[in-house]
Every structure is written in structure tokens, then in C-alpha cells.
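So the structure is just underneath, and the comments pick up after that.
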Amino acid sequence: MDLVEILPGRLHMLRFPIGQAYLWQDADGSLTLVDAGHAGHAGRAAEVEGALRLLGHDPERLERIVLTHCHRDHVGAAEELAGRWGARVAAHRLDAPVIRGERAVPEPVLLDWEVPLYRHGLTVPEAPPTRIDREVEDGDVLPFGGGAVVVHAPGHTPGSIGIHLPEHGVLFTGDCVAAVGQVMLGVFNTDRGQAQASFRRLAALEPAVACFGHGDPLTRNTAAALLAAAAAEPVLP
């Protein structure tokens with residue numbers, strides 16, 4: 001796991017071989033994870049805990065885990081982390097039944113070039129059923145980062161969300177947007193047209209910092225890069 005500082009004293013990225021999570025620290029020392037990494041014997045819960053300690057944090061200050069969507073590389077370690085430290089887990093209402101293990105993960109409509117990438121992603125362990133303490137909706141505000149606004153961004157999955165911290169100019173896009181070589185629409189979408197509309201909605205927030213589910217965060221010319229990439233996506237009929 002790589003630990004990358006994005007905003008000094010506030011925001012770090014925890015990058016795993018597949019997927020990544022983000023750690024936000026509020027001024028009072030309380031901690032929030034956006035996504036959690038995957039589960040399994042070689043999973044991420046112990047690494048996340050180690051990262052917290054390396055940064056000088058008490059893991060008991062981990063108050064919440066916000067899941068941007070239901071895929072195994074984002075959800076898998078959440079149950080263990082929440083059970084160990086008492087963090088509350090939040091996810092969108094539409095993805096919550098999948099995360100709890102009550103429904104199957106929705107199948108994406110893959111482009112030809114996405115097929116081998118998708119197979120590689122399935123090499124990480126399946127996520128165990130994970131409790132959801134709060135089901136969120138578009139426009140809900142979570143108590144971190146000066147007021148974290150939930151932005152429903154369906155298309156990757158029905159319940160995909162972005163998290164916007166207007167006070168700090170930070171946007172977590174989940175897998176709706178990626179930055180692998182370039183800023184682009186995320187892959188493995190259940191509804192590509194819907195995902196493109198969500199991309200445009202997230203870009204319109206014009207953040208100063210964008211944190212993606214895959215790829216390096218943007219901290220310079222962020223709004224312009226997001227808007228240009230979103231505008232380049234063809235509008236599907």
C-alpha cells in the first residue's frame with residue numbers, strides 16, 4: 001500500500017494494487033474513510049489501521065466509512081474496520097442492499113477493451129456482507145469536511161455517489177470518473193449514458209481537488225480538466 005499526502009494535515013490517499021481509499025481528518029481529530037479497499041487474507045483492514053497509526057492517528061477516531069458504490073475493491077474491508085473500531089458505514093440507498101449481501105452486484109455492460117480489465121478486477125476477494133448504518137440520498141449532508149454533500153452519480157452502479165466538500169473544494173468521484181493516463185469516464189458501467197450524465201454533473205461542481213476511485217488525484221487545473229473531459233464524452237441518444 002502507498003500512502004500519499006494530498007492536503008497537508010487533512011487528506012491522504014491509501015493506494016492499493018487494485019483500488020484506493022481516502023482518509024479525511026477534521027480539525028477536531030475525527031477521521032473519515034471514503035471507501036475501504038478489499039477484503040480477504042491479503043486484504044486491507046490491517047493496512048488501513050497501520051496507515052492511521054503511521055500518520056499518528058488513533059484508529060478509534062475513525063468515525064465513519066462512506067462507500068461510493070458496491071464494488072468489492074471499495075467495500076471489502078469496511079465491515080472489519082467498522083467492527084473493530086465502531087465506525088458507522090454510509091452508502092446510497094440503491095447500493096445498500098448489494099453491500100449488505102441481500103442482492104447480487106449489478107452486471108456492467110462491458111466494452112470489448114474493458115473485458116480483460118474487468119476479469120483482473122475480479123481477482124480480488126469478494127466482499128463479505130457489510131452493515132450499512134446510514135442509507136443516503138442525493139443532497140444529504142454528512143458531518144465531516146465542513147459538510148460533505150452526497151451527489152448521486154448513477155451509471156457505474158445504480159447507487160454510485162460522489163462526495164463534495166464545498167468548504168475545501170474537494171470532490172470524491174468514486175468510479176464515475178478515473179484518471180488513468182488522462183481524466184476519463186470510469187469503466188465497467190451498468191448504464192454508460194447515465195454515467196456520462198453523472199460525469200458532467202460532477203464536473204460542473206468545479207472542485208479544486210478531485211479524488212478518483214482509480215488514478216492519481218488532481219490538484220492543479222482540476223475544474224478545467226474535469227469539464228473538458230466531460231464535454232468530450234459523446235452524448236448518447
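Below, all heavy atoms of this structure are taken into account, side chains as well, without hydrogens, waters or symmetry copies. By convention here, the first residue in the shown sequence is residue 1.
In terms of heavy-atom proximity, Leu226 sits nearest to Ala210 at CD1-CB, 4.0 Å. Considering all non-hydrogen atoms of both residues, Ala127 and Val75 come closest at CB-CG1, 4.1 Å. Of all the heavy atoms in Ala203 and Pro207, the pair that sits closest is O-CD, 4.4 Å. Closest approach of Arg131 to Val89, counting heavy atoms only: O-CB, 3.5 Å. Nearest heavy atom pair, residue Val136 against residue Ala90, reads CG1-CB, 4.3 Å. When all heavy atoms of Val183 and Ala229 are compared, the pair lying nearest together is O-CB, 3.6 Å.
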>> Using salt bridge (charged side-chain N to carboxylate O under 4.0 Å, His left out), reason through Glu79 and Arg100 one step at a time and then give a plain yes or no.
In response: CA-CA 10 Å; Glu79 177 71 16; Arg100 289 193 295 260; over 6 Å; no

> Hey, mind stepping through Ile6 and Thr219 against side-chain contact (heavy atoms from CB on, under 4.5 Å) and telling me if it holds?
Replying inline: CA-CA 8 Å; Ile6 303 170; Thr219 59; 4.0 Å; yes

>> Run the side-chain contact (heavy atoms from CB on, under 4.5 Å) test on Tyr118 and His120 for me, step by step, so that the C-alpha distance in whole Å, both residues' side-chain angles and the decisive distance to 0.1 Å come before the verdict.
In response: CA-CA 5 Å; Tyr118 187 68; His120 179 60; over 6 Å; no

>> Is there a side-chain contact (heavy atoms from CB on, under 4.5 Å) between Phe188 and Leu111? Walk through the geometry before answering.
In response: CA-CA 8 Å; Phe188 315 151; Leu111 302 176; over 6 Å; no

> Is there a side-chain contact (heavy atoms from CB on, under 4.5 Å) between Glu233 and Phe199 once you walk through the steps?
Replying inline: CA-CA 9 Å; Glu233 282 291 321; Phe199 188 177; 4.1 Å; yes

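Without hydrogens or angle criteria, Arg119 side chain to Glu114 main chain gives no donor-acceptor distance under 3.5 Å. Although no hydrogens or angles enter the test, the distance criterion places a donor-acceptor pair under 3.5 Å between the side chain of Asp191 and the main chain of Gln194. Put simply, the side chain of Asp58 gets close to the backbone of Glu60: a donor and an acceptor are under 3.5 Å apart. At least one donor-acceptor pair under 3.5 Å links the side chain of Ser198 to the backbone N or O of Pro154.
By the rule that hydrophobic residues join a cluster once side-chain heavy atoms approach within less than 4.5 Å of another member, Leu52 and Ile65 end up as members of one cluster. Residues Leu55 and Leu33 share a single hydrophobic cluster, defined by chaining ILVMFWY side chains whose heavy atoms lie under 4.5 Å apart. Taking hydrophobic clusters as Ile, Leu, Val, Met, Phe, Trp and Tyr residues chained together by side-chain heavy-atom distances below 4.5 Å, Val109 does not share a cluster with Leu94. Taken together through direct or relayed side-chain contacts under 4.5 Å among Ile, Leu, Val, Met, Phe, Trp and Tyr, Val4 and Phe172 form part of one hydrophobic cluster. Two different hydrophobic clusters hold Leu54 and Tyr22 under the rule that ILVMFWY side chains link at heavy-atom gaps under 4.5 Å.
Inter-residue side-chain proximity for Trp85 and Glu63 is flagged as unmet; no heavy-atom pair is nearer than 4.5 Å. Counting only heavy atoms from C-beta outward, the side chains of His156 and His71 approach each other to under 4.5 Å. Two residues are said to be in side-chain contact when any heavy atoms from C-beta on lie closer than 4.5 Å; Arg10 and Asp26 meet this criterion. Looking at Leu218 and Val209, their side chains never come closer than 4.5 Å, going by heavy atoms from C-beta outward. Using a 4.5 Å heavy-atom threshold, the side chains of Val66 and Phe144 count as touching. The closest side-chain heavy-atom distance from Leu185 to Arg192 is below 4.5 Å. Residues Glu167 and Leu165 fail the side-chain proximity criterion, which asks for heavy atoms closer than 4.5 Å. Side chains of Phe16 and Glu47 form a contact here, defined as non-hydrogen atoms less than 4.5 Å apart.
Between His168 and Trp24, the gap from one ring centroid to the other is short of 6.0 Å.
The CD1 atom of Ile163 sits 8.0 Å away from the OG1 atom of Thr68 when rounded to the nearest 0.5 Å. Atom CG of Leu31 sits about 6.0 Å away from atom CD of Gln25, to the nearest 0.5 Å. Between the CD atom in Glu135 and the CG atom in Asp140 there is a gap of 11.0 Å [rounded to 0.5 Å]. Remark: Gln20 CD to Ile18 CD1 distance equals 12.0 Å, nearest 0.5 Å. With rounding to the nearest 0.5 Å, the separation of CG in Leu142 from CZ in Arg88 is 10.5 Å. Note that CG of Leu14 is 9.5 Å distant from CG of Asp2, once rounded to the nearest 0.5 Å.
Looking only at atom types and distance, the side chain of Asp73 has a donor-acceptor partner in the side chain of His214 under 3.5 Å away. For the residue pair His92 and His69, no side-chain donor N or O sits within less than 3.5 Å of a side-chain acceptor on the partner. Arg64 and Thr32 share a donor-acceptor pair across their side chains, judged by distance under 3.5 Å alone. Between the side chains of Asp35 and His74, at least one donor N or O sits under 3.5 Å from an acceptor N or O.
Atom CD of Glu5 is surrounded by more than 12 heavy atoms from other residues, nucleotides or ligands within 6.0 Å.
Looking at Thr157, Thr190, Val98 one by one, the single match for side-chain contact (heavy atoms from CB on, under 4.5 Å) with Val105 turns out to be Val98.
Between Asp95 and Arg103, none of the side-chain N atoms (NZ, or NE/NH1/NH2) sits under 4.0 Å from a carboxylate O, so this pair counts as no salt bridge. Contact check on Arg84 versus Glu49 returns a salt bridge, with a Lys/Arg side-chain nitrogen under 4.0 Å from an Asp/Glu carboxylate oxygen.
Residues passing the side-chain contact (heavy atoms from CB on, under 4.5 Å) test with Thr173, sequence neighbours excluded: Leu171, Val177, Leu202, Phe212. Every residue meeting the side chain to side chain donor-acceptor pair (under 3.5 Å) condition with Glu137, not counting sequence neighbours, appears here in chain and number order: Arg93.
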